[in-house]
Engineer: 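Starting off with a structure, shown below.
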Protein chains: 2
Amino acid sequence: MQERNTLQKRIVHETLIRMCNHPTADEVVAEVQSTYPTISRATVYRILNKLADSGEALRIRINNGADHFDHQTFPHYHVHCSSCGKVADVTMPVKELGSMLSDTSGYKIQGYSLQFDGLCPECQENEEIEAGA
Amino acid sequence: MQERNTLQKRIVHETLIRMCNHPTADEVVAEVQSTYPTISRATVYRILNKLADSGEALRIRINNGADHFDHQTFPHYHVHCSSCGKVADVTMPVKELGSMLSDTSGYKIQGYSLQFDGLCPECQENEEIEAGA
DNA sequence: ATCCCTAATGAGATTTAGTATCAATAACAA
DNA sequence: TTGTTATTGATACTAAATCTCATTAGGGAT
């Protein structure tokens, strides 16, 4: 017997799919607990890790902050707003970055992580308002 | 009076320069304490943060693990060995990644972080030995 | 339908990396 | 030499995530 189809796994996965805003693990915990209050934080973390490991979800590692999760697994990147912390999708092909490296470093490249930091449209507006005042 | 030239700052910076292996903050703490045992962990963290903020050192954010520091500040990237955790330099121009994004996402891009993961030459060897045995 | 094995869960302790607090210390300008 | 205050050291604290382990429940076997 290998992998059991538990209620908790179904709920966490469904919840992640329903939340389209790249939630953190703790945000998923809160959301799941609103309908299933007895689920444990450790369980949600375990299930999200498993989803990320199996490729059913993406783990977005944010500089400094908590990991975010994305149920969309097609190849894309993320922008992280340095002001409000929001995470958004970016679809941009960046080809061959990894393979370009293999000969120069001696490392066998397994992957790379590319993450952008910036200001989201809302925070840009707020900045302008503050500057104007 | 703005910035004071303290013994601690000199020692931490010198130590970082002397350690060419992209140490973590705690590795710097250990190294400094070997000759100056009374220095505080908080002090080393503060000084490294200041060096990174002022551009006198680079902060290398490793997925999952502790930040590493690099006294070399010319533009380059890093490879992180997923097996032993070692960090190595990669010099490869990646131009315009940020500016390519500005129109597609609505974000005002302030920067990006690009980090490679792979196996260092030593760990590749170990892997082959294990596979052969 | 029941039993049994063990994967998975829940609760809480633990770890790791880093920051905050604050009294004591020590640069450095006067 | 002195006074101001940036900086330090010690420690408490926080955040994110993992670990531990007794208990629960999925699902194959009977």
Side-chain angles (χ1 to χ4, degrees), chain A residues 1-16 22-54 56-70 80 82 85 87 113 115, chain B residues 1-16 22-54 56-70 80 82 85 87 113 115:
Chain A
M1 196 185 312
Q2 297 284 34
E3 169 93 7
R4 288 180 188 175
N5 178 18
T6 65
L7 177 61
Q8 289 87 339
K9 284 181 192 168
R10 273 173 273 133
I11 291 184
V12 169
H13 200 178
E14 278 166 21
T15 303
L16 180 63
H22 307 81
T24 63
D26 279 338
E27 284 166 354
V28 176
V29 171
E31 178 64 22
V32 172
Q33 283 183 340
S34 72
T35 60
Y36 182 3
T38 61
I39 200 169
S40 160
R41 198 161 155 280
T43 299
V44 175
Y45 269 82
R46 276 187 292 241
I47 294 174
L48 288 175
N49 280 343
K50 200 165 288 188
L51 289 174
D53 289 349
S54 71
E56 295 174 270
L58 288 182
R59 180 196 305 276
I60 310 169
R61 297 200 193 263
I62 294 300
N63 278 350
N64 219 5
D67 290 357
H68 290 238
F69 291 86
D70 187 346
H80 172 237
S82 55
V87 171
S113 83
Q115 175 215 314
Chain B
M1 196 186 311
Q2 297 284 34
E3 169 93 5
R4 287 180 188 174
N5 178 18
T6 65
L7 177 61
Q8 290 87 341
K9 284 181 192 166
R10 272 174 273 133
I11 290 184
V12 168
H13 200 178
E14 277 167 21
T15 302
L16 181 63
H22 307 82
T24 64
D26 279 337
E27 284 165 354
V28 175
V29 171
E31 177 63 21
V32 172
Q33 283 184 340
S34 73
T35 59
Y36 182 2
T38 61
I39 200 168
S40 162
R41 196 163 155 275
T43 299
V44 175
Y45 270 81
R46 275 188 295 243
I47 294 175
L48 288 174
N49 280 343
K50 201 166 286 189
L51 289 173
D53 289 348
S54 71
E56 294 175 271
L58 288 181
R59 179 196 305 277
I60 309 169
R61 298 200 191 265
I62 294 299
N63 277 350
N64 218 5
D67 291 357
H68 290 238
F69 291 86
D70 187 347
H80 172 237
S82 55
V87 171
S113 82
Q115 176 216 315

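Each chain gets a letter, A, B and so on, in the order its sequence line appears, and its residues count up from 1. All values below come from the heavy atoms of this structure, side chains included, with hydrogens, waters and symmetry mates left out.
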Engineer: For nucleotides 25-29 of chain D, which of its nitrogen or oxygen atoms have a protein nitrogen or oxygen under 3.5 Å away, and what is each distance?
Structural biologist:
| from | atom 1 | to | atom 2 | distance (Å) |
| --- | --- | --- | --- | --- |
| dG26(D) | N2 | R4(A) | NH2 | 2.7 |
| dG26(D) | N3 | R4(A) | NH1 | 3.4 |
| dG27(D) | OP1 | N5(A) | N | 2.9 |

Engineer: Check DNA chain D against residues 36-48 of chain A and give the residues with a non-hydrogen atom under 4.0 Å, in numerical order.
Structural biologist: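 Heavy-atom contacts with DNA chain D come from R41(A), A42(A), Y45(A), R46(A).
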Engineer: So which heavy atom on V44(A) is nearest to which on A25(A), and how close?
Structural biologist: CG1-O, 4.1 Å
Engineer: Among all residues two or more places apart in sequence or in another chain, which pass the side-chain contact (heavy atoms from CB on, under 4.5 Å) test with E14(B)?
Structural biologist: R10(B)
Engineer: Applying side chain to side chain contact (heavy atoms under 4.5 Å, CB included) to V12(B) and I39(B), what does each step give before you reach the verdict?
Structural biologist: CA-CA 10 Å; V12(B) 168; I39(B) 200 168; 4.0 Å; yes
Engineer: Applying side-chain hydrogen bond (donor to acceptor under 3.5 Å, both in side chains), can you list everything that pairs with S82(B), at least two apart in sequence or on another chain?
Structural biologist: Q110(A)
Engineer: Rounded to the nearest Å, what distance is computed from the NE2 atom of residue H68(B) to the C1' atom of nucleotide dG18(C)?
Structural biologist: 14 Å
Engineer: Using 0.5 Å steps for rounding, measure from the NE2 atom of H13(A) to the CG atom of L48(A).
Structural biologist: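 Here the interatomic distance stands at 9.5 Å.
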Engineer: Tell me, which pairs form a salt bridge (charged side-chain N to carboxylate O under 4.0 Å, His left out) where one or both residues lie in residues 56-65 of chain A, sequence neighbours left out?
Structural biologist: R59(A)-D67(A), R61(A)-D67(A)
Engineer: Does dT9(C) have its OP1 or OP2 closer than 4.0 Å to a side-chain nitrogen or oxygen of K9(A)?
Structural biologist: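 No.
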Engineer: Taking only residues two or more places apart in sequence or in another chain, which ones pass salt bridge (charged side-chain N to carboxylate O under 4.0 Å, His left out) with E27(B)?
Structural biologist: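 Here no residue qualifies.
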Engineer: How many whole angstroms separate atom CG of D26(B) from atom P of dT15(C)?
Structural biologist: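 Rounding to the nearest Å, CG of D26(B) and P of dT15(C) are 15 Å apart.
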Engineer: What salt bridge (charged side-chain N to carboxylate O under 4.0 Å, His left out) pairs are there with at least one residue in residues 36-54 of chain A, not counting sequence neighbours?
Structural biologist: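 Output for this query lists D26(A)-R41(A).
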Engineer: I60(A): which residues meet the side-chain contact (heavy atoms from CB on, under 4.5 Å) condition with it, sequence neighbours left out?
Structural biologist: H22(A), I62(A), H68(A), D70(A), H78(A), V87(A)
Engineer: Once you round it to whole Å, what is the distance between C1' of dT16(C) and CD of E27(B)?
Structural biologist: 14 Å
Engineer: Nearest-nucleotide wise, let me know which of K50(A) and T24(B) is further upstream toward the 5' end of DNA chain C.
Structural biologist: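 Its nucleotide being nearer the 5' end, the pick is K50(A).
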Engineer: Hey, are the side chains of T43(B) and T6(B) touching, using non-hydrogen atoms and a 4.5 Å cut-off?
Structural biologist: no
Engineer: Sequence neighbours left out, what passes side-chain contact (heavy atoms from CB on, under 4.5 Å) with A57(B)? Give chain and number order.
Structural biologist: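 With neighbours one apart ignored, the set is L16(B), L51(B).
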Engineer: Give the minimum heavy-atom separation between F69(B) and T24(B), together with the two atoms involved.
Structural biologist: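 That would be CD1-C, 4.5 Å.
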Engineer: What does the inter-axis angle of the helix from dA1(C)-dT30(D) to dA30(C)-dT1(D) come out as, five pairs per end, nearest 10 degrees?
Structural biologist: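 Its terminal axes enclose an angle near 30°.
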Engineer: Hey, are the side chains of Q8(B) and I47(B) touching, using non-hydrogen atoms and a 4.5 Å cut-off?
Structural biologist: yes
Engineer: Is there a residue in residues 58-65 of chain A whose heavy atoms reach under 4.0 Å of DNA chain C, and which residues are they?
Structural biologist: none
